[in-house]
There are 2 protein chains.
Amino acid sequence: MPESHPAPQRFPVTVDVVALTVRNGELNVLLITRLIEPYRGKLALPGGFVLAGEDLQEAAGRELAEETGVEHLPGHLEQLGSYGPKGRDPRGDILTVAHLLLAPDFPVLAAGSDAEQAAWYPVRDIQSGELQLAFDHAQILEDALERAKSKLEYSPLGAAFCGEEFTIAQLRAVYEAVWGTRLDPRNFHRKATGTPGFLEETGRMTAGDAGRPAALFRLAPAARPTAGQPTRAVLNPPLMRPRES
Amino acid sequence: MPESHPAPQRFPVTVDVVALTVRNGELNVLLITRLIEPYRGKLALPGGFVLAGEDLQEAAGRELAEETGVEHLPGHLEQLGSYGPKGRDPRGDILTVAHLLLAPDFPVLAAGSDAEQAAWYPVRDIQSGELQLAFDHAQILEDALERAKSKLEYSPLGAAFCGEEFTIAQLRAVYEAVWGTRLDPRNFHRKATGTPGFLEETGRMTAGDAGRPAALFRLAPAARPTAGQPTRAVLNPPLMRPRES
DNA sequence: ACAAAAGTGTTACACTTACACCCATGG
DNA sequence: CCATGGGTGTAAGTGTAACACTTTTGT
């Protein structure tokens, strides 16, 4: 740390959130349409300035709540990394700390007419170039996807995309959407249920769907995030994502 | 990002560097002795304020160069994560972006009398509580160690601790020091040399040491960091660290 | 000759993969 | 009864763990 006789440079600091969810078997990301310059009318990650007396995670949660209208966010929030401050915003040097939210599909509330409207967009549409993002947000999204993919291998956080209770098939759909691969349902079932400290049977079953009813599971206590201490539980051996050729 | 009619809060931003190396088979970290308040006389991570027009990595490299007297840093530098800004510095809200340097053992030059003197300290001495760190630097160090441990599993970055050319035994010593475990020399040898895209034989051998001479290796081209693009090469399957019971 | 460290072979076991097969429900 | 998806069994293949053994140097 510093010897700071000349007063140190100060920077505006923003938090941006890459909120991911799985809808209809497809990975989606939460984006807002910007109402002001720069990049007015363009899509961007939700986020905003960190306020005095706030911590980063706190600010990320607040911004996300403001822009979705959802008070208590479901899912798992973690820091992704920091970008800048040089040359990423036409208004000047702004540092941003990107965050990653892995969440079950939750409905976004309509904002008032003067607020930025958040909505889910398929990740594929950004990657294909069909939709473009403001600032360096495409890069941040890429990094977030890479992080999400490896998180699923080594941690129980795939379940963060599901609700409290879920079937193995729902969990598998998460892995398939995030990794962009197909997985053998039978082997996945064995691996997921057989990994100690990952899943716990609820005793309840699904009903009404086609086919045989499925058992409902929840995260095992060891894998659940506790207050303050986000889960450091690890899947060992990892759930392996198929090799990219 | 923001709608910012009220001018956004600005924060001082520092970079801190957890520089790790292996000396005598033991993991060491580079620390400075603080010459000014707060925490005057205490040990801390090297670092300092980000200047206008600087990027984070750039600032981290500059600070480290200033505090070690070493112009061109060897090894691998990456971002670790950001901490704060709330309540981590008695002078006020300061955001810090921590970085991780994995480097071969390099000599630290003596600083002038008014500069902060950097030196290597065994990580064990901090973990045991024998040495204490200023600010939240103990936490940052913990996070850095965790990151370093997993980097060694999935990336070829163990070699960042070695020089250009190294023997398998030297590389193994890195893994043992970082993971704090013993590894079977024979299985490690097979795994390291057998992993495609990791190591490349130089054709040269050691001489003068006890025992049979060892072949010298370097990182394979695929695993070497190229300008701008830090290596994303991956060991698949990973080099596995022994399970913690 | 002996110690020390490098490097190879071999066997047992763990885990993954692929796929045959049975189970339980809705239509 | 059949389609649909849930779930179990099993055998081949791949990789790890443990360790006996050979090779090549310094003393």
Side-chain angles (χ1 to χ4, degrees), chain A residues 24-25 152-154 158 162 165-176 179 181-218 234-245, chain B residues 24-25 152-154 158 162 165-176 179 181-218 234-245:
Chain A
N24 318 317
L152 261 57
E153 291 193 357
Y154 310 115
C162 302
E165 301 191 352
F166 48 88
T167 67
I168 302 294
Q170 286 165 1
L171 185 61
R172 177 166 47 84
V174 167
Y175 279 77
E176 292 182 332
W179 287 347
T181 58
R182 305 259 96 195
L183 298 172
D184 185 299
R186 299 155 293 188
N187 291 335
F188 183 86
H189 186 282
R190 215 194 328 265
K191 177 76 187 181
T193 55
T195 298
F198 186 15
L199 299 181
E200 188 178 64
E201 232 166 327
T202 64
R204 304 178 353 103
M205 308 283 281
T206 56
D209 301 340
R212 175 174 167 178
L216 284 166
F217 291 81
R218 58 170 156 260
V234 158
L235 300 189
N236 191 342
L239 263 161
M240 295 218 302
R241 99 175 97 151
R243 275 182 175 70
E244 314 188 7
S245 63
Chain B
N24 318 315
L152 260 56
E153 290 194 358
Y154 311 115
C162 303
E165 301 191 353
F166 48 88
T167 67
I168 302 295
Q170 286 165 1
L171 185 62
R172 177 166 47 83
V174 166
Y175 279 77
E176 293 182 332
W179 286 347
T181 58
R182 303 259 97 194
L183 298 172
D184 185 299
R186 298 154 295 188
N187 290 336
F188 183 86
H189 186 283
R190 214 194 328 265
K191 179 75 187 181
T193 55
T195 298
F198 186 16
L199 299 181
E200 186 178 66
E201 232 167 328
T202 64
R204 305 178 354 103
M205 309 283 280
T206 57
D209 301 340
R212 174 174 168 179
L216 284 166
F217 292 81
R218 59 172 157 258
V234 159
L235 300 188
N236 190 341
L239 262 162
M240 295 219 301
R241 96 174 101 152
R243 276 182 173 71
E244 315 188 7
S245 67

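Below, chain A is the first sequence line, B the second, and so on; all start at residue 1.
Among residues two or more places apart in sequence or in another chain, the ring pair (Phe, Tyr, Trp, His ring centres under 6.0 Å) test is passed with A/Phe217 by none. Partners of A/Asp184 by side chain to side chain donor-acceptor pair (under 3.5 Å), not counting sequence neighbours, listed by chain and number: A/Arg186. With sequence neighbours excluded, no residue satisfies side chain to side chain donor-acceptor pair (under 3.5 Å) with B/Arg172. Qualifying side chain to side chain donor-acceptor pair (under 3.5 Å) partners for B/Gln170, counting only residues two or more places apart in sequence or in other chains: none. Contacts of B/Arg212 classified as side chain to side chain donor-acceptor pair (under 3.5 Å), with partners at least two apart in sequence or in another chain: none.
The nearest whole Å value for the distance from the CZ atom in A/Arg182 to the P atom in C/dT16 is 20 Å. As rounded to whole Å, 12 Å separates atom P of D/dG6 from atom CZ of A/Phe217. One atom, CZ of B/Arg241, and another, P of D/dT16, lie 16 Å apart when rounded to the nearest Å. As a whole-Å value, the separation of B/Gln170 CD from C/dA5 P is 13 Å.
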TODO: List the steps, then state whether side chain to side chain contact (heavy atoms under 4.5 Å, CB included) holds for A/Phe166 with A/Val174.
DONE: CA-CA 11 Å; A/Phe166 48 88; A/Val174 167; over 6 Å; no

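Contacts classified as side-chain hydrogen bond (donor to acceptor under 3.5 Å, both in side chains) and involving residues 188-197 of chain A (residues at least two apart or in different chains) are given here: A/Asn187-A/Arg190.
Non-hydrogen atoms lying under 4.0 Å from DNA chain D are contributed by B/Asp184, B/Arg186, B/Asn187, B/Arg190, B/Lys191, all within residues 183-192 of chain B.
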Open item on the list: What does the B/S/- profile of nucleotides 22-27 of chain D look like, 5' to 3', with a 4.0 Å heavy-atom cutoff to protein?
Closed with: -BBBS-

List the atom pairs, donor and acceptor, that lie under 3.5 Å between side-chain atoms in residues 201-211 of chain A and the rest of the protein, sequence neighbours left out.
{"from": "A/Thr202", "atom 1": "OG1", "to": "A/Arg204", "atom 2": "N", "distance (Å)": "3.0"}
{"from": "A/Thr202", "atom 1": "OG1", "to": "A/Leu216", "atom 2": "O", "distance (Å)": "2.8"}
{"from": "A/Arg204", "atom 1": "NE", "to": "A/Glu165", "atom 2": "OE1", "distance (Å)": "3.0"}
{"from": "A/Arg204", "atom 1": "NH2", "to": "A/Glu165", "atom 2": "OE1", "distance (Å)": "3.2"}
{"from": "A/Thr206", "atom 1": "OG1", "to": "A/Ala214", "atom 2": "N", "distance (Å)": "2.8"}
{"from": "A/Thr206", "atom 1": "OG1", "to": "A/Ala214", "atom 2": "O", "distance (Å)": "3.4"}

